[in-house]
Structure formats: structure tokens, C-alpha cells
Q: 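I have a structure here, written as C-alpha cells, and I will follow up with some questions on it.
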Amino acid sequence: MVNKTLATCKEAVAGVFDGATILLGGFGDPGLPGQILEALRLQGAKNLTVVHNGSGGGTHSLGGLIHDGKVRKLIASFPSNPGNMSFQEKYLKGEIELELVPQGTLAERIRAAGAGLGGFFTPTGAGTDLAAGKETRVLDGREMVFEKALHADFAFVRAYRGDRLGNLNYRMAMRNFNVPMATAAKFVVAEIDELVPVGGIDPEDVHTPGIFVDHVVEVVRHPEYLKITTEGR
Amino acid sequence: MVNKTLATCKEAVAGVFDGATILLGGFGDPGLPGQILEALRLQGAKNLTVVHNGSGGGTHSLGGLIHDGKVRKLIASFPSNPGNMSFQEKYLKGEIELELVPQGTLAERIRAAGAGLGGFFTPTGAGTDLAAGKETRVLDGREMVFEKALHADFAFVRAYRGDRLGNLNYRMAMRNFNVPMATAAKFVVAEIDELVPVGGIDPEDVHTPGIFVDHVVEVVRHPEYLKITTEGR
Amino acid sequence: MSLTREGIAYRVASELPDGSYVNLGIGIPTLVSSFIGPNKEVFFHSENGILGMGPLAQPGHEDPDLVNAGKQYVTLLPGASVFDHPTSFSMIRGGHVDYAVLGALEVAANGDLANWRTPGEKVPGVGGAMDLAFGVRNVIVTMTHITNKGKPKILSKCTLPLTAPHCVTHIFTDMAVIDVTPEGLVLREVAPGLDPKTIQSHTEAPLRVSPNCKEMNVPANFLAAPAAR
Amino acid sequence: MSLTREGIAYRVASELPDGSYVNLGIGIPTLVSSFIGPNKEVFFHSENGILGMGPLAQPGHEDPDLVNAGKQYVTLLPGASVFDHPTSFSMIRGGHVDYAVLGALEVAANGDLANWRTPGEKVPGVGGAMDLAFGVRNVIVTMTHITNKGKPKILSKCTLPLTAPHCVTHIFTDMAVIDVTPEGLVLREVAPGLDPKTIQSHTEAPLRVSPNCKEMNVPANFLAAPAAR
């Protein structure tokens with residue numbers, strides 16, 4: 001019988017090796033696999049290339065990974081949030097490399113990798129500094145930039161419900177980068193709020209089918225998360 | 001107040017002009033906008049380019065459009081079903097042009113158009129007759145073929161539920177080509193089983209957000225459809 | 001007189017047609033949603049995967065899984081939908097979003113937009129700004145007409161790195177409403193009490209004055225003395 | 001003895017590992033799903049947007065919105081999901097589907113597959129065949145070993161237009177199980193009563209006989225006299 005459940009986040013990150021490329025889902029808190037990230041920070045792998053919309057913050061989770069010097073390179077669209085001091089310090093000291101990618105291009109490059117495509121032409125960025133040196137051609141009457149698929153060794157995502165087959169369902173704005181990221185890595189683990197029996201997610205409500213997912217790990221939301229719901233932020 | 005509902009399928013096709021390119025959703029019966037198609041056949045526009053997975057059959061709906069000589073060109077992946085006599089006869093007489101596209105490439109070309117991308121590289125078809133004369137390059141270690149976005153003037157799709165804002169929800173295997181097609185034409189109309197009040201589709205169950213849809217038209221399923229459910233086929 | 005930030009947002013809100021799909025950037029643009037009256041439906045898009053976004057969540061009623069692109073807790077209106085990033089940026093890049101309302105550092109007479117990289121900025125970040133500027137049909141810029149050092153932001157040519165060339169269609173400032181046309185910038189409205197000559201004096205790029213140029217219709221509580229700038 | 005169509009399907013079914021994701025083509029491949037025993041879970045994918053497909057619907061219980069790639073009314077098993085074409089072909093082309101079981105007209109020693117265009121065919125159709133052949137890691141071909149005119153289908157080089165080069169990994173026929181390896185075709189199993197020499201005589205491409213080559217383990221009711229071919 002197929003059983004993709006893991007008991008702990010520690011198991012989820014056990015295989016991460018030095019130099020690995022990691023897709024991290026989430027946009028802000030929704031869909032961020034915060035507890036897997038914290039386990040990853042404690043696991044100790046280094047020289048990581050991390051793909052995420054932002055750069056995290058604080059000293060735990062993604063911000064912590066960066067703070068601890070485990071991230072060699074960040075591929076992101078908006079790493080410049082004023083709260084993300086660790087990234088900014090390391091970046092200004094030249095201790096972390098940054099590949100800055102427009103948000104839609106970042107999502108599409110990840111999707112392309114999961115979909116087996118080699119790359120695509122997008123109008124976004126043509127003629128700007130972010131397309132400097134990139135191949136362009138005119139398609140549908142517009143100048144477009146060639147962007148390559150972005151593959152990874154690991155993807156860590158966060159969903160709301162999951163089952164032992166790896167089927168995932170997201171709440172509200174949790175889907176964001178998680179849906180494409182779950183398709184684009186060799187090893188995919190989802191942090192979930194609730195493990196449900198097979199059939200517990202309606203076939204029409206499966207947002208990430210289990211074929212894309214290697215493991216699910218059920219966690220209790222971190223108090224920080226719960227605080228938000230009751231106190232605001 | 002926004003109201004995208006139409007009273008009849010006739011209104012849905014009123015604007016179709018000679019020489020138009022039309023995306024037709026559906027795969028087999030599920031998701032096929034059969035009654036809009038029948039209205040289109042009666043409307044009389046000709047020299048149409050039709051994009052659909054197959055070639056229809058019989059003398060109504062898509063098969064009828066072809067039978068009546070309204071289709072100049074078909075862009076399809078599987079037009080060769082033995083039942084589709086009209087297409088086969090016209091094709092063998094040279095009265096209809098065929099652009100044969102692998103099914104996944106067809107879906108992706110339509111999606112690319114809706115997503116504002118100019119084209120993409122896919123491994124599918126590299127080195128075969130269907131990629132003859134097409135640009136190729138090696139990406140991710142594989143030979144890949146360049147395929148262009150496929151735009152259209154009209155898209156006709158079929159969904160299960162819809163609201164006056166154009167939000168659509170599909171049942172079971174109805175999504176197929178409808179989801180990408182609804183994004184890729186200048187004018188998009190959905191045939192639906194049930195018009196529900198705004199808010200009647202849960203935000204997480206909207207499969208085609210209303211931003212992509214110009215109109216919805218509620219229809220009672222054709223008896224042919226109902227026959228299938230009670231008698232099988 | 002010049003418009004307050006709320007005044008600019010109010011004026012933009014009255015410009016958005018019934019049934020339009022609109023993405024609001026951070027800053028003044030965020031304020032626009034408050035000024036859509038009850039007589040029209042405007043659908044707000046957030047690039048992290050929301051269409052039909054409602055007001056900010058009331059304190060104590062935040063949904064932890066529902067934030068906007070600025071990471072604020074928001075609500076959904078009836079008829080809203082949620083989706084993933086590829087779908088969200090298909091809406092933007094595919095030309096389905098009708099209006100993007102964005103802040104700007106500089107706008108050029110040809111519609112070039114610079115809003116993603118300031119000169120002194122040490123860490124760059126682009127987010128969805130380029131996708132919006134390249135993908136959306138109508139790009140409305142909202143900003144103060146001049147910098148806080150009194151320098152014009154509407155220029156013959158941008159000096160900062162571009163977000164996108166030829167993308168801005170309308171400029172709404174505390175002083176004026178300006179359309180970007182193939183023939184250059186056209187002054188369509190002026191703030192109450194200001195005249196076209198004054199606007200031109202604060203604008204580096206040449207302005208043509210529309211034959212229909214008029215004073216903006218903005219409630220008095222959204223107006224400030226020029227000194228307030 | 002040789003295997004019936006059901007026999008070939010039975011043998012393929014026993015090859016599919018627990019937990020594998022499998023797309024079945026039309027013809028003999030469709031029969032495979034009937035022979036997955038209760039001791040393993042195999043997930044069937046249909047390219048029109050279904051994962052976790054169950055058996056054909058019982059007459060009178062068809063769901064009009066649920067067909068498979070062959071347009072037959074099907075059912076869903078618990079844990080199934082439905083999705084659109086782009087997602088479905090992301091699964092195929094992106095290498096997420098573990099096995100494709102396909103029919104073939106010709107297979108070459110290097111794994112080249114020809115199964116989409118017959119010589120006399122007047123109207124071409126490709127469907128999802130190329131996406132499957134290019135995208136899926138393990139491509140299992142099921143077919144009769146020779147044509148109904150007695151000619152071999154396993155050739156040194158395909159004569160018909162290719163579906164994909166170098167894609168076939170395993171060949172299951174009524175006579176044999178053959179693996180496609182970098183060193184060429186390796187005969188792994190023979191039908192009961194047949195010997196490698198007989199198989200080679202019906203195979204144009206050269207076969208290496210695996211040191212572990214053995215008789216197929218197939219129930220007697222799935223075997224037919226060679227004359228039945």
C-alpha cells in the first residue's frame with residue numbers, strides 16, 4: 001500500500017545535500033512550509049540555492065537559513081523587503097548571490113520545468129536591465145525574451161489538506177508558487193495542516209495531484225501562525 | 001451592474017465573421033459546447049479555422065459545421081476517428097486543410113496564447129514528421145521543438161455552473177481544453193448547465209475566473225446528452 | 001490647491017469603468033479601492049492569486065491564508081476566485097487585466113516607466129512590477145507630480161532603469177491628469193486653482209493642453225494647500 | 001503456445017510496481033487495468049484529465065462528464081483527481097507518469113517507435129501518442145509479435161514514420177518479453193513452449209538472450225495454440 005506520509009519535518013529534509021537547489025513555496029505566510037524550513041535550517045546542509053519569491057526574515061525558517069549562512073544563492077523576485085535584514089547584510093557583503101527574476105517569469109520558469117518544457121518567450125522585461133544579454137525575438141508583433149525552465153532537486157510546499165497518496169488541497173491564497181513548485185523538483189514534500197483518508201479530498205478539489213508529490217507531513221500550525229488569526233499583525 | 005449572461009446560443013455566435021479562428025473546447029462529449037456549435041452552424045459564417053482536439057461527427061455541432069463546408073481549416077490532434085466521415089471526405093477531396101498537432105502541444109500552444117507568451121520549446125515531436133521544418137535546439141540535454149502560441153478570435157467552451165460575472169466551474173472531466181481555451185481568444189462564451197447567483201461558486205471552486213469570460217449562456221442539456229446517462233453508448 | 005494622496009486615489013477610482021479588472025500597486029494605488037462607489041462593480045486582482053479582493057480584514061478577523069500582494073490580510077467579495085501564480089500572471093501578461101495602477105519614480109513622454117529601482121537602493125527587488133507594466137493594457141501611474149526636492153518626475157527621458165518602455169497610458173498626480181498619446185503628453189485635467197502653465201513649469205516633458213482641459217472634480221476634503229506638499 | 005491479448009495484458013500488469021502511475025493506450029493496453037491484483041495500488045492516468053481512473057462505468061451508471069481518452073465512460077477510484085489538459089500533459093511530458101503502455105506497428109532495436117501512422121491510412125491522427133512516447137520514462141509496447149501476414153514488427157530500423165526515437169524500454173508480445181537496452185534487444189522471457197530460436201526467427205532485429213531468460217508465468221486460460229494467431 002502506498003504511504004507517502006512522514007512523521008516529522010526532520011525526515012522531510014534528511015536527504016538535502018550540500019549544494020542542492022531548493023524550491024520554497026509560499027507568498028508571505030500563506031503556503032510557506034515554515035516548519036520544514038526550520039527543520040532544514042537545523043539539518044545543516046549548506047551552499048544551497050534557494051528559489052522563493054522573497055528572502056524571508058528573522059532568524060528562523062528562510063530568514064534563519066540565510067542568517068546562518070546556508071544559502072549560497074537566492075533566485076527571487078522581491079528579496080528587498082525592508083524586514084529581511086539577514087539577506088540584505090549578506091548581499092551587501094557579497095556573501096550571497098542574487099538572481100533577480102520578475103515574479104511572473106519566475107512562476108512560469110518553474111512551471112515549464114514541471115511541464116517538461118525547455119523554455120519560453122515572454123514579453124516581460126524586454127529592453128530592461130533584467131533582460132540584459134538575454135536572447136530576444138519578435139513574436140506576435142512584440143519583442144520577447146527567452147527564459148529557461150528552472151529545475152530543482154527539492155521542492156518544499158505547504159498545503160491545507162493531504163492524503164497518503166500525496167494529493168493536496170490548498171485554502172484561499174495558499175496555492176501561489178506551491179502548485180508549480182510541486183511539479184518541478186526531483187523530490188517534493190508538502191507540509192499540511194490535516195492528513196485525511198484517501199477519498200477525503202473530492203477529485204475536483206485536488207489542486208496538486210499525488211503524482212507530483214513524494215511525501216506529506218502533517219504539522220500543527222506554529223503559534224506564530226495562530227497569533228495572526230487572533231491578534232492580527 | 002455587470003451581467004455577462006446571454007439568453008440564447010444564437011446571441012453567443014452572432015458576431016462570428018467569415019474567416020474567423022475559433023477555439024472549440026471539449027474532449028469527446030464532456031465539455032463540448034454542442035448547442036453553441038449548432039447555433040454557429042445555423043449562423044452561416046464560413047471559411048472558419050477551427051481548433052479542436054478531434055473533428056466531431058454526424059451532421060450537427062462540429063461534424064455538421066464541417067459537413068456544411070463552413071470550415072476551411074482544422075487544427076487538431078486526432079481528427080481521424082472512424083466515425084468522422086464528413087471531415088474524412090472533405091480532407092480526401094482537398095476541401096479542408098488540416099494542421100495536425102500533438103495533443104499536449106496543442107493544449108500548451110493555446111495556454112501560451114492566453115498567458116501572453118510567444119512560444120515555447122517542447123521535446124514532443126523532435127525528429128518526427130510533425131516537427132519537419134521547425135526550429136529545434138538542445139535544452140536540458142534534449143532536442144526540443146519551437147512551438148508558437150495559438151491565438152483565436154473566438155472561444156466557445158462548456159462548463160457546469162456559471163455566474164453573471166463569468167466565473168465557471170466544471171464537473172469531472174469537463175475541464176480538458178476548456179480551461180486554456182477560455183483564456184486565449186478575444187471573445188469567449190461559455191455554455192453552462194446552471195446559472196448560479198454571484199457567490200454560488202466557492203472561490204476555491206472557480207476553475208475559470210470571470211476575467212477570462214465575456215458571456216455565459218445557460219442551456220438545458222440536449223436529449224442526446226441525457227440519453228447517454230440513461231442508456232449508455 | 002493640490003490633491004492629497006486620498007484625492008489622487010479618489011480621482012483614479014472615478015476613472016475606472018464598471019466591470020473593469022484592476023490590479024493595484026502598493027502606496028497610493030492601494031487607496032483606490034476605498035473610493036469605488038456603490039454604482040459600479042470593479043474587480044480587484046492581487047498577483048498572489050486573488051480576483052475579487054475586498055477590503056482589508058478587520059482586526060481579529062484575519063484569515064491567515066489570505067493576504068494581498070503587499071502581505072496585508074484581506075477579504076474576498078462574493079464572486080471572488082483564488083488560483084495559483086501561473087494563472088495569476090497569465091491574467092496579467094496575457095492582457096486580461098484591464099488596468100494596473102502603479103506608483104512611479106519617473107515617467108517619460110513616450111510612456112516609459114521607471115518604478116522598480118531607486119538610485120540609492122542597495123538591494124534590488126522587482127516583484128510583479130514588470131509583468132504588470134508589460135502585460136496590462138492600461139497602465140495608470142499615480143504619484144506626486146514632483147519629488148520632495150521639487151524636481152519633476154515627468155521627463156523627456158527616464159534617467160532610472162526602466163520597468164517597461166512605452167507602457168504608461170495615464171498619469172494621475174496631485175496636480176494633474178495627463179494622458180500619454182502617440183503625439184506625446186496631453187494635459188486633460190488640472191487640480192483646482194492650478195493652470196496649465198503652472199503644471200508645465202513642474203513638468204520637464206512638454207505638455208499639450210487638451211482643448212477640453214478642465215479642473216478636476218474632487219471633494220474639498222481631498223485638497224491641500226500647495227505648501228502641504 | 002502464444003499469449004492471447006488478455007495474456008499480454010496480464011503479463012504487463014504483473015510488471016507494474018506498487019504505487020506506479022500508468023497511462024494505458026487503446027487496444028491491448030486498455031485491458032491491463034483489469035489484471036492489477038488487490039495487493040498493489042497502480043494509478044491510471046487518462047490524458048483528458050484524470051488520475052486514479054477506475055473500471056469502465058456499468059451500463060446505466062455512466063456519468064456523461066466522465067470519459068477516458070478513448071471516449072469510454074469510466075469511473076473514479078477513491079483518491080482520484082481531475083484536471084485540465086495543460087496539467088495532464090505536464091504530467092506526461094514532465095516525466096511524472098512512470099509507465100506508458102502503448103500499441104505499436106513497429107519497434108526498432110534502438111527503441112524507435114512507430115505507432116501513429118499506417119502506410120495505407122488516409123487521414124492522419126496523432127492524439128497524445130507523441131507526448132507519451134517522448135515524455136514517459138518507461139514506454140512499454142504491447143503487440144502481437146508479427147503482423148497478420150506473418151511479418152516481424154521488431155525491426156533493425158523502423159520503416160514507418162516515427163512516433164518518437166529511442167523511447168521504447170520494454171516490449172511485451174504474444175511470444176516474448178524483450179528489454180531495450182543500450183546494447184540492443186535482450187530477450188527476457190518466452191511464451192510457454194517457445195524457445196529463443198523461434199522468437200528470433202520471428203524478429204528481424206537481433207536478440208541477445210538474457211542469461212536469466214525463462215518462460216512467462218501466465219495462467220493457462222491466457223494461452224492459445226500458435227495457429228490461433
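Order of the sequence lines sets the chain letters (A, B, ...), proteins ahead of strands, with each chain counted from 1.
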Q: Top residue by heavy-atom pair count (under 4.5 Å) with chain D, among B:G125, B:G127, B:A76, B:G54?
A: B:G125
Q: Please report, to 0.1 Å, the donor-acceptor pairs under 3.5 Å made by any side chain of residues 113-122 of chain B, with sequence neighbours excluded.
A:
from	atom 1	to	atom 2	distance (Å)
B:T122	OG1	B:T124	N	3.2

Q: Under a 4.5 Å heavy-atom cut-off, does chain B meet the side chain of D:P86, its backbone, both or neither?
A: both
Q: Compare every heavy atom of D:V126 with every heavy atom of B:F78, then report the nearest pair and how far apart it is.
A: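 Result for this residue pair: CD1-N, 4.1 Å.
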Q: Using every non-hydrogen atom in the two residues, find where B:S80 and D:V123 come nearest and quote the distance to one decimal.
A: CB-O, 3.4 Å
Q: Between D:D65 and B:R171, is there a donor-acceptor pair closer than 3.5 Å when you use the side chain of the first and the backbone of the second?
A: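 Side chain of D:D65 to backbone of B:R171, a donor-acceptor pair under 3.5 Å: no, none is there.
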Q: Which distance, rounded to the nearest 0.5 Å, do you find between the CG of B:L130 and the CG of D:L162?
A: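 If we round to the nearest 0.5 Å, B:L130:CG and D:L162:CG are 11.0 Å apart.
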Q: Please list, in residue-number order, every residue in residues 90-101 of chain B that has a heavy atom less than 4.5 Å from any heavy atom of chain D; write 'none' if there are none.
A: B:Y91, B:L92, B:L98, B:L100, B:V101
Q: Relative to chain D, which segment of B:A126 carries a heavy atom at a distance below 4.5 Å: side chain, backbone, both, or neither?
A: both
Q: Counting only non-hydrogen atoms closer than 4.5 Å, does B:F87 touch chain D with its backbone (N, CA, C, O), its side chain (CB onward), both, or neither?
A: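 For B:F87, the side chain is the part near chain D, not the backbone.
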Q: Just to verify, what does D:H96 make a ring pair (Phe, Tyr, Trp, His ring centres under 6.0 Å) with, not counting sequence neighbours?
A: A:F212
Q: Please state whether the side chain, the backbone, both or neither of B:S55 comes within less than 4.5 Å of a heavy atom of chain D.
A: neither
Q: Only heavy atoms, only distances under 4.5 angstrom. Which residues in residues 173-183 of chain B are near chain D?
A: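 Listed by number, the contacting residues are B:A173, B:M174, B:R175, B:N176, B:F177, B:V179, B:P180.
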Q: Between D:H85 and B:Q103, is there a side-chain heavy-atom distance shorter than 4.5 Å?
A: yes
Q: Can you tell which part of D:I92 gets under 4.5 Å to a heavy atom of chain B, answering side chain, backbone, both or neither?
A: neither
Q: Tell me, side chain or backbone of D:F134 under 4.5 Å from chain B's heavy atoms, or both, or neither?
A: both
Q: Measuring heavy-atom distances to chain D, does B:Q88 have an atom under 4.5 Å in its side chain, in its backbone, in both, or in neither?
A: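 For B:Q88, the contact with chain D is made by backbone and side chain together.
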Q: Pick one of side chain, backbone, both or neither for D:L76, based on which atoms fall under 4.5 Å of a heavy atom in chain B.
A: side chain
